[in-house]
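Every number for a ligand or one of its atoms is a count from 1 in the order of the listing.
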Amino acid sequence: MSALDPSPVPATFLERCQTLLGPAGVLLDPHMIEPYTVDFWRQYRGRAAAVLRPASTAEVAAVVAEAARHRVPLVPQGGNTGLVHGGVPDASGRHVVLSLERMNRIRTIDPRGEHMVVEAGCTLEAVQRKAAEIGRLFPLTLGSQGSCQIGGNIATNAGGVHVLRYGMMRELVLGLEVVLADGRVWDGLKSLRKDNTGYDLKQLFIGSEGTLGVITAAALRLFPAPKERATVWLGVEHPGLALDVFELFRDKAGEAIASFELLSGLGVEAACTHLAGVRRPLAEPHPWHLLVELAWGFEDGLDARLEAVLSAVVAMGLVRDGTRAESEAQRANMWRIREGQSEAVRHLGAIVRNDVTVPITAIPELVARMEQWLAREHPDVRPFPFGHVGDGNLHFNFLVPPARAQLLAPILLERLYDEVVALGGSISAEHGIGRLKREALWRRRAPLDHELMLRVKRAFDPLGILNPGAILALEEEHG
Ligand code: FAD
Ligand code: ZN
């Protein structure tokens, strides 16, 4: 089969899929396929020969077995909110999208055992809601939670604003059900907290971005729902002081810190100016802002603890100003600014995004180095870093003149990634590698890392039919 073949996916494969999945399970009409081939920000457009929409594990297994037989590459897709072009097909037209969206049932929920078993296509929000209904918390929280799906969250090892307290998705998964590249079903759907019986196979699928198996269901960990919560907004002079504030909160509020988010003045001003209904938390603009949330399982006492931290913060002169959310509406307003600033900054120009991580103590140094370099080399570019500063994870985004975005993006990102690696960091904290960052990754990771990952890939997917081109380049395997 040649890359120039206009319909490179065998008709017999698509006919078999129609028999296996029925008419609702196979999309062939280009208009119906289109949304599955474009990324969330509509910056990248791939092509797909078809979209498969199985409704059960057995159906997923059957179509993956057919794909293996016909050597058809499959791109698993959840809510398509991924930011690294991992869930959308490439431009070759040889990929078939395997959407998990119809697999959206909650299978079981156990309040006392504190876990639930859900299918991969459940949206994160549906899972959070179900947990809340029984007085439990499923802590993963992302700006995309209305659309992203549990399968996608697991495949990307998603992070979000509660990692500090509850960990990444990896820490929230107790068991998995996965369809392997040959169509067999691996049943790892245990709900055990402890299980030291050889290699922990589920961990390999978590964060594998659809390259090792298709996740069809997961046993997820639940937590007691917090009973008290307090949200504060602080204006700070620079990221170094933000870290001092963080340390103080760590000392005095410890594990009650649920979120600790840093925002640049540019992002906050844009959100307050361009997002409908958003109110400014503090009267004056500030160079940097912190959004901090405390939550715990006790009925009362959080106020006193918060007051103690805040008086220490003020006494030490660490903040310029601060306020506390006095109502759910005020809290929602603060989070709207945090989640909506990227959308708001789009009113000012084009955005070059990323998702880097450095040791927490290196954050001020990273910001300083990038600001100095930009001022010197690219004065027309404005940085607006924000992120989960308690995890060392910054979305060090850049606002650039739209006409120069294409030209500048690789230059800015290469410089950022070099600085990040020099400071002992990583080019992706939570969004993953997908197709977008593959080259940037392998220019920086050790050859032995590449060799080991390739060996894992070949062991799980010897034909290279699962999301080829994501994370690793495998051209030679299916050319
Ligand atoms: P998709 O985009 O559909 O797919 C992502 C990857 O997973 C692809 O490689 C795909 O092949 C694979 N995949 C999907 N489903 C399966 C499956 N069932 N089996 C095997 N592989 C599968 N991410 C964070 O980590 N933290 C954030 O704070 C965060 N905030 C965001 C805010 C916004 C506004 C947006 C748009 C995105 C944000 N993201 C964030 C990124 C994104 O939402 C996450 O990566 C999310 O986990 C992707 O889930 P999805 O269902 O949309 O996956
Ligand atoms: Zn993030």
Within the distance-only criterion (no hydrogens, no angle test), does the side chain of [X] pair as donor or acceptor with the backbone N or O of [Y] below 3.5 angstrom?
| X | Y | value |
| --- | --- | --- |
| Arg165 | Glu255 | yes |
| Arg438 | Gly469 | yes |
| Asn467 | Glu209 | yes |
| Arg170 | Ile206 | yes |

When you look for heavy atoms under 4.0 Å from ligand 1, do you find them on the side chain of [X], its backbone, both, or neither?
| X | value |
| --- | --- |
| Ile215 | both |
| Leu100 | side chain |
| His431 | side chain |

Requested in this report: Please work out whether the ring planes of His388 and His395 are parallel, tilted or perpendicular, with thresholds of 30° and 60°.
Outcome: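 His388 and His395: perpendicular rings.
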Query raised in the report: the Zn ion (ligand 2) to Glu430: any N/O/S contact under 2.8 Å?
Result: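 So Glu430 counts as coordinating the Zn ion (ligand 2), yes.
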Report task. Tell me whether His388 has at least one N, O or S atom under 2.8 Å from the Zn ion (ligand 2). Result ->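 A backbone or side-chain N, O or S atom of His388 is under 2.8 Å from the Zn ion (ligand 2).
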Requested in this report: Starting at CG of Leu243, measure out to CZ of Arg250 and round the result to the nearest 0.5 Å.
Outcome: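 Reported value, rounded in 0.5 Å steps: 12.0 Å.
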Query - Euclidean distance, Phe205 CZ relative to Ile215 CD1, rounded to 0.5 Å - result: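 Going from CD1 on Ile215 over to CZ on Phe205, the span is 8.0 Å.
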Check whether any N or O atom of [X], backbone or side chain, sits under 3.5 Å from an N or O atom of ligand 1, and answer yes or no.
| X | answer |
| --- | --- |
| Gly86 | yes |
| Thr156 | yes |
| Thr81 | yes |
| Gly159 | yes |

Counting each atom of ligand 1 from 1 as listed, which ones have a heavy atom of [X] under 4.0 Å away?
| X | value |
| --- | --- |
| Phe40 | 36 (C) |
| Ala158 | 25 (O), 47 (O) |
| Gly213 | 20 (C) |
| Ala155 | 7 (O), 12 (C), 13 (N), 21 (N), 22 (C) |
| Asn153 | 46 (C), 47 (O), 49 (O) |
| Gly82 | 2 (O), 52 (O) |
| Glu209 | 9 (O), 11 (O), 12 (C) |
| Asn467 | 9 (O), 11 (O) |

**Report entry** Name of the His395 atom (N/O/S only) found closest to the Zn ion (ligand 2)
**Finding:**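 The atom in question is NE2.
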[X], [atom1] atom: more than 12 neighbouring heavy atoms under 6.0 Å:
| X | atom1 | result |
| --- | --- | --- |
| Arg443 | CZ | yes |
| Arg107 | CZ | yes |
| Arg279 | CZ | no |
| His347 | NE2 | yes |

Requested in this report: Would you mind reporting whether Arg69 and Phe13 have side-chain heavy atoms less than 4.5 Å apart?
Outcome: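 Phe13 vs Arg69: side chains apart.
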Query raised in the report: Which residue from Pro76, Gly210, Ala217 reaches closest to atom 10 (C) of ligand 1 through any of its heavy atoms?
Result: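 Ranked by closest heavy atom to atom 10 (C) of ligand 1, first place is Pro76.
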